[in-house]
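Accompanying notes for the structure given below.
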Protein chains: 2
Amino acid sequence: MNREDLVEAITREVVSRLKNSESASPAAGGQSAAAAPSTMQLNRYVDHTLLKPESTSAQIDKLVAEAKEHNFRAVCVNGTWTERCARQLRGTDVDVAVVVGFPLGAMASRIKAAEARHAVEEGADEIDMVINIGALKSRDLDLVRRDILSVTRVTGTQRVTKVIIEAALLTDEEKVLACQIAEDAGADFVKTSTGFAKGGATVHDVALMRNTVSPKIEVKAAGGIRSREDAIAMIEAGATRLGTSAGIAIVTGGRSTDAY
Amino acid sequence: MNREDLVEAITREVVSRLKNSESASPAAGGQSAAAAPSTMQLNRYVDHTLLKPESTSAQIDKLVAEAKEHNFRAVCVNGTWTERCARQLRGTDVDVAVVVGFPLGAMASRIKAAEARHAVEEGADEIDMVINIGALKSRDLDLVRRDILSVTRVTGTQRVTKVIIEAALLTDEEKVLACQIAEDAGADFVKTSTGFAKGGATVHDVALMRNTVSPKIEVKAAGGIRSREDAIAMIEAGATRLGTSAGIAIVTGGRSTDAY
């Protein structure tokens, strides 16, 4: 059996097992699903996120101040703000997550590597990179792998790498493939979405991704998480990190209408 | 009068003149507006465009074949496809335009420069780069300028640089500022839109941009141009290049419903 056939067979098996597990229990996220965190402090799950291209320095400073106030896990920003955030967050428990190849994932691998390197040099603790979606759709799985490797070789074991698969654009089979390749290429997290595609995180996708990767890998849900209820649903499905602009609503129990 | 006051004064004057010219004649695009090209061949205006992140190699090959068949001016693609397009278009009149810092414009300037350099090395004839919109909104005009310069220093006089201002996110004053800075930093074109923001090219924006830059600079309209009628309206307003996925509909007189 050649590699592609093997991958296809494993993919079918994982998808089939997930479907069975979903029909047995809607919230069964597999071996790593968390207990319902209804009384849990959610702040350390939150990557406090501002990625809109028109965001100003004042809005970034506000994001950082809020992240400090609520002791969020990280801020998640575009590369142009890396140094500004790193400077303001030095000595705190809030990490700086910087996006790479974002949001299309369709730049050359070499440039994703350069972008990650530059972000790390400017103080990024975590890199949230987008896979080459077109290569996956073209079944150029070797390019998908090399593309992720180009970044994980830069981040190594000193920095966290989250691999965004942009689930809304993929079939279930492609989601499983993407997660397997990401783990194989050294990802620390698989992440559902950029927040810029037609859809964000779903419970189905988080559970599928959680079931696909090994316990060494975490799952970040991102896109469309607007309330404490949404956050808890994602955590119950297996997410250990939430990318959202509604972090304050989530920790205070409100609901943000324009969050992403 | 300091630089910022001067820029504000010029901006107000340009916007005011444009408003007068618009009320006098809806199609008056200023000194460079073209004659109505109702019988004109439009193919050489078209950058045949495919920028969706999920585009496959087969779809890119189809784009290239269509561009050859209709002798479009260029194809416009993401960086991962540069070498593939350049190879297939060698010896034709169809150029390869590659996007940089796309579509958010919020990566570090150094990475935009690296991305442009890599694209040129792989055969790009033209670079379509996105400005640092957040820096413009923060009135860090020096960063906006240096960011564009980081790319035009790479492209020099051998390659065409189009500077995307993402007009849908800007006020008229900001559009004028962005165009002035782009010309000052060596742009060959100012371009309205990425096609990924909430709005694309408008006749108003094309005319405003045409009135702002000198005759040495061209204007590319992009985003939402779906028919021959749309194309002609943009050209009448002053555009000499059209970024669209509806190139075939435009040259054959049809209308594309899902074009961008």
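Reminder, nothing fancy here: chain letters follow the sequence lines and each chain counts from 1.
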What part of [X] gets closer than 4.5 Å to chain B, counting heavy atoms only: side chain, backbone, both or neither?
{"X": "A:I60", "value": "neither"}
{"X": "A:S55", "value": "backbone"}
{"X": "A:F196", "value": "side chain"}

With A:P53, the side-chain contact (heavy atoms from CB on, under 4.5 Å) member among B:N132, B:I133, B:V130: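 Among B:N132, B:I133, B:V130, the one that satisfies the side-chain contact (heavy atoms from CB on, under 4.5 Å) with A:P53 is B:I133.
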Test item: B:M107 and A:M107 side chains (from C-beta on) under 4.5 Å apart, heavy atoms: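 They are in side-chain contact.
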Options B:L170, B:L143, B:L136, B:L104, ranked by heavy-atom pairs under 4.5 Å with chain A, top entry: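 Highest number of heavy-atom pairs under 4.5 Å: B:L104.
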Top contributor to chain A interface from B:G79, B:A58, B:A106, B:S138 [non-hydrogen pairs under 4.5 Å]: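 Ranked by contacts with chain A, first place is B:A106.
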Straight-line distance of B:S57 OG to A:R139 CZ, nearest 0.5 Å: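 Going from the OG atom of B:S57 to the CZ atom of A:R139 covers 11.5 Å.
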Gap between atom CD of A:E115 and atom CD1 of B:I111 - 0.5 Å precision: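 B:I111 atom CD1 to A:E115 atom CD measures 6.0 Å (nearest 0.5 Å).
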Atom CZ of B:R110 with >12 non-hydrogen neighbours under 6.0 angstrom: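 Atom CZ in B:R110 is not crowded, with 12 or fewer foreign heavy atoms closer than 6.0 Å.
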